[in-house]
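Scroll down for the structure; my scribbles are underneath it.
Values reported hereafter were calculated over all heavy atoms of this structure, with side chains retained and with hydrogens, waters and symmetry mates removed. Counting convention: from 1, in listed order, for ligands and their atoms alike.
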Amino acid sequence: MLSSRIQKIKPSATLAINAKAIELIKQGKDILKFGTGEPDFDTPQNIKDAAKRAIDQGFTKYTAATGIPELKEAVIQKLKRDNHIEAKTENVLITNGGKQALFNLFMTLLNPGDEVLIPSPYWVSYSDIVAVCEGSSKFIDTRSNHFKLTAKMVEEAITPTSKILILNSPSNPTGMMIEKEELEKIAEIALKNNLYLISDEVYEYFCYDGKTHFSIGSLPELSELVFTVNAVSKTYAMTGWRVGYIVGPEIIIKKMGYLQSHSTSNPCSIAQKAALEALTGPQDSIQIMAREFLKRRNFVFEAMNQIPGFQLQKPEGAFYAFPDISGCFNGQMRNSFDFTEFLLEKAGVAVVPWGAFGEPGKNHIRFSYATSMQDIEEGIERIKSIL
Ligand code: GLU
């Protein structure tokens with residue numbers, strides 16, 4: 001009955017854990033949520049006001065399927081200002097969140113069996129979107145370098161069927177970054193092998209300890225090979241608004257726009273106006289969040305390393321801790337899934353088990369610290385108390 005395509009995918013584990021936690025809370029259970037990665041901050045007021053204005057002014061009809069021109073222009077200016085990427089309107093597609101950007105791109109580029117190189121541990125949806133688009137994921141194990149991708153790893157993994165490499169720095173789930181020198185070497189490999197690069201930059205502003213984010217799309221020689229994907233979701237605490245964008249070679253972006261015109265049509269008109277305000281209005285909320293995440297990262301790093309059986313290397317960015325918890329395994333608790341179940345049941349603490357992120361993360365759990373400091377302190381206390 002079902003297509004072979006759909007049988008290859010599972011529900012998003014990061015969203016599933018959230019749904020499960022919400023269900024338990026509804027049943028009256030006392031659950032602390034560290035599963036889904038979304039800022040606990042509210043969407044800034046100026047952005048909400050822009051959305052209200054859009055409704056009041058009747059901006060409630062179809063827009064161009066590929067997004068409103070003002071928002072594309074705001075993306076172009078943002079990329080120029082913060083990422084040193086040069087783009088024209090024809091290079092930009094506004095999407096329903098970052099996921100649709102990836103989905104459109106894989107649908108547009110992949111033929112059955114084309115290989116997508118995915119540094120692992122990786123964000124759960126990459127491989128499932130590749131599968132539904134009939135590509136084949138090849139994972140690059142980054143454990144040997146503390147989860148930091150190197151050009152050498154890419155060189156060793158590449159095959160004649162490799163078509164795309166995904167870069168995600170800072171990384172979800174590990175919080176680690178790819179060094180600029182490595183990105184420059186990866187650029188050379190991409191040019192030599194005609195390899196498309198997807199740079200998923202949704203955590204770009206959340207980098208710590210003086211680290212700065214580098215956009216590989218700023219290298220002009222790569223203009224025909226790089227797709228920069230981003231969204232307002234994390235940067236402006238707008239996960240529910242569903243606005244993302246992708247910037248890349250005109251011909252491919254155009255075909256992606258055709259696909260979008262037959263699937264979802266435009267992203268929500270009101271959300272697009274909100275995203276426009278996010279990109280062009282005051283930017284101070286980003287620094288406020290980044291400072292708070294840094295505080296929490298420092299606390300989590302210290303506190304988790306004091307939990308017997310936990311080992312956490314310091315995340316360089318994003319808002320995830322990805323501790324190795326294999327020191328807690330025993331006769332009954334044999335893996336990260338058992339551990340996650342145990343935490344939820346005995347401590348009311350929801351985290352994501354390794355399965356969502358690939359084999360190299362198998363001794364790990366992902367703990368999102370985009371939650372209040374009070375919850376984090378209590379969550380860690382609860383974990384300690386049941387171990
Ligand atoms: N990207 C976030 C996460 O990994 C949001 C949920 C999702 O889309 O997977 O938790």
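- Of the heavy atoms in Lys99, only side-chain atoms (C-beta onward) come closer than 4.0 Å to ligand 1.
- The N/O atoms of Gly35, backbone and side chain alike, include none that comes under 3.5 Å of an N/O atom in ligand 1.
- Under 3.5 Å, the side chains of Gln272 and Thr63 contain a donor-acceptor pair of N or O atoms.
- Classification of the Phe367-Phe34 ring pair by plane angle, with boundaries at 30° and 60°, yields parallel.
- The shortest N/O to N/O separation between Thr36 and ligand 1 does not fall below 3.5 Å.
- A side chain to side chain donor-acceptor pair (under 3.5 Å) check over residues 370-379, counting only residues at least two apart or in different chains, returns the pairs Glu378-Arg382.
- At under 3.5 Å, not a single nitrogen or oxygen of Ser125, backbone or side chain, sits near a nitrogen or oxygen of ligand 1.
- If you look at Asn172 next to ligand 1, the close heavy atoms, those under 4.0 Å, all belong to the side chain.
- A salt bridge links Arg143 with Asp141; the closest basic N to acidic carboxylate O contact falls under 4.0 Å.
- Among all protein heavy atoms, the one lying closest to atom 9 (O) of ligand 1 is Thr14 OG1, 2.5 Å.
- Sorted by first then second residue, the salt bridge (charged side-chain N to carboxylate O under 4.0 Å, His left out) pairs that include residues 251-269, not counting sequence neighbours, number zero.
- Contacts between Phe319 and ligand 1 below 4.0 angstrom, taking non-hydrogen atoms only, are absent altogether.
- The line from CE of Met153 to OG of Ser120 is 11.0 Å long, rounded to the nearest 0.5 Å.
- Which parts of ligand 1 touch Lys234 is read off a 4.0 Å heavy-atom cut-off, strictly below it: atoms 1 (N), 2 (C), 5 (C).
- Of the residues Tyr126, Tyr122, Trp123, the one that meets the side-chain hydrogen bond (donor to acceptor under 3.5 Å, both in side chains) test with Asp200 is Tyr126.
- Within the 4.0 Å heavy-atom criterion, the part of Leu15 lying near ligand 1 is the side chain and not the backbone.
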